[in-house]
Amino acid sequence: MTPDAAQNILKAHFAEWLQALDLTVLKTQTDHVLIRMPLGDHLKRMGGIVSGQALAALADTTMVLSAVAHSGEFKPYATADLHTQFMRPGVGTAILCHAEVVRAGRSLVFARADMTEEDSEKIVATATATFFAP
């Protein structure tokens, strides 16, 4: 799957509110996906840091696309479990999210993601998830 194909999947199959995050798929391979989320005022919370909800949505979306890249075809994955660990305030121009599939079975996919500030390359949050594959 190419980054353009993944971007098209985002536009065609993900909710309208997620489109407001203005995500850009930078890299796709069968073992990982990299997505950029620009930081605008609409994502900031008190203190000027990116909201945890935006980070969780970024991680979930990037991990879903890593599952799609891993399987080689679009499937409407359902998030069965999502854990996000917020490690430091996210600031700067953008957050980069790198996600990979840890293990994929017939019906469950396990993935993890790391989110870093684009400018400083400091880790902001990590996440793990389990997805149900129909």
Side-chain angles (χ1 to χ4, degrees):
M1 178 171 69
T2 66
D4 286 340
Q7 194 74 48
N8 289 335
I9 288 170
L10 261 179
K11 289 179 183 175
H13 298 286
F14 285 75
E16 197 172 306
W17 64 265
L18 188 77
Q19 304 300 327
L21 296 178
D22 194 24
L23 305 179
T24 301
V25 180
L26 300 177
K27 188 175 185 181
T28 57
Q29 294 184 331
T30 57
D31 60 344
H32 70 272
V33 169
L34 179 65
I35 291 184
R36 181 182 189 271
M37 180 176 70
L39 296 182
D41 289 339
H42 68 294
L43 298 180
K44 293 180 182 173
R45 58 169 298 230
M46 193 172 20
I49 63 173
V50 64
S51 72
Q53 295 92 335
L55 291 171
L58 171 63
D60 185 71
T61 302
T62 308
M63 288 186 284
V64 166
L65 286 178
S66 72
V68 171
H70 184 80
S71 72
E73 64 179 318
F74 175 77
K75 295 178 186 177
Y77 289 97
T79 305
D81 184 63
L82 175 65
H83 293 274
T84 308
Q85 300 81 36
F86 304 103
M87 305 175 88
R88 68 180 301 117
V91 295
T93 58
I95 301 294
L96 300 177
C97 184
H98 174 268
E100 63 185 348
V101 170
V102 175
R103 183 182 184 282
R106 279 186 296 202
S107 61
L108 293 178
V109 175
F110 302 90
R112 68 175 164 224
D114 291 323
M115 291 160 275
T116 58
E117 292 177 353
E118 182 178 53
D119 300 331
S120 70
E121 298 182 5
K122 291 180 180 177
I123 193 150
V124 173
T126 63
T128 58
T130 306
F131 300 102
F132 171 72

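- Between Met1 and Ala69, the closest heavy-atom pair is CE-CB, 3.5 Å.
- Using a 4.5 Å cut-off between side-chain heavy atoms of Ile, Leu, Val, Met, Phe, Trp and Tyr, with links allowed through other members, Leu82 and Val68 fall into the same hydrophobic cluster.
- Around CZ of Arg112, the count of heavy atoms belonging to other residues, nucleotides or ligands within 6.0 Å does not exceed 12.
- When hydrophobic clusters are built by joining Ile, Leu, Val, Met, Phe, Trp and Tyr residues whose side-chain heavy atoms come closer than 4.5 Å, directly or via intermediates, Leu18 is grouped together with Met37.
- For the side-chain hydrogen bond (donor to acceptor under 3.5 Å, both in side chains) test, residues two or more places apart in sequence or in another chain that qualify with Asp60 are Thr79.
- The shortest distance between side-chain heavy atoms of Ile123 and Met115 does not fall below 4.5 Å.
- The two residues Gly90 and Ile95 have their closest heavy-atom pair at CA-CD1, 4.3 Å.
- Scanning for side-chain hydrogen bond (donor to acceptor under 3.5 Å, both in side chains) contacts around Glu73 gives an empty result, with sequence neighbours left out.
- Listed by chain and residue number, Thr93 satisfy the side-chain hydrogen bond (donor to acceptor under 3.5 Å, both in side chains) test with Asp119 (two or more places apart in sequence, or in another chain).
- In terms of heavy-atom proximity, Tyr77 sits nearest to Ala67 at OH-O, 3.4 Å.
- The hydrophobic cluster of Met46 has no other members, since no ILVMFWY side-chain heavy atom comes under 4.5 Å of it.
- The minimum heavy-atom distance between Ala59 and Cys97, with the atom names listed, is CA-SG, 3.9 Å.
- Residues Met63 and Phe110 do not share a hydrophobic cluster, defined by chaining ILVMFWY side chains whose heavy atoms lie under 4.5 Å apart.
- Phe14 places a side-chain heavy atom less than 4.5 Å from the side chain of Ile9.
- With contacts defined as side-chain heavy-atom distances shorter than 4.5 Å, the pair Val33/Glu100 does not qualify.
- In terms of hydrophobic clustering, with Ile, Leu, Val, Met, Phe, Trp and Tyr side chains grouped at heavy-atom distances under 4.5 Å, Phe86 and Leu58 are assigned to a common cluster.
- Here Ser51 pairs with nothing under the side-chain hydrogen bond (donor to acceptor under 3.5 Å, both in side chains) rule; sequence neighbours left out.
- In this structure, Ile35 and Thr24 have side chains that are not in contact, with every pair of non-hydrogen atoms separated by 4.5 Å or more.
- A 4.5 Å side-chain heavy-atom check between Val50 and Val91 finds every atom pair outside the cut-off.
- Listed for the Glu117 side chain is no donor-acceptor partner under 3.5 Å among the backbone atoms of Leu96.
- Hydrophobic clustering of Ile, Leu, Val, Met, Phe, Trp and Tyr side chains at less than 4.5 Å, counting indirect connections, keeps Ile49 apart from Leu39.
- Nearest heavy-atom pair, Leu21 versus Ala54, reported as atom, atom and distance to 0.1 Å: CD2-CB, 4.3 Å.
- Within the 4.5 Å cutoff, no side-chain heavy atoms of Phe131 are placed close to those of Ser66.
- The shortest distance between side-chain heavy atoms of His98 and Thr62 does not fall below 4.5 Å.
- At most 12 non-hydrogen atoms from other residues, nucleotides or ligands lie less than 6.0 angstrom from NZ of Lys27.
- Listed by first and then second residue, the side-chain hydrogen bond (donor to acceptor under 3.5 Å, both in side chains) pairs that reach into residues 122-134 are Gln85-Thr126, sequence neighbours excluded.
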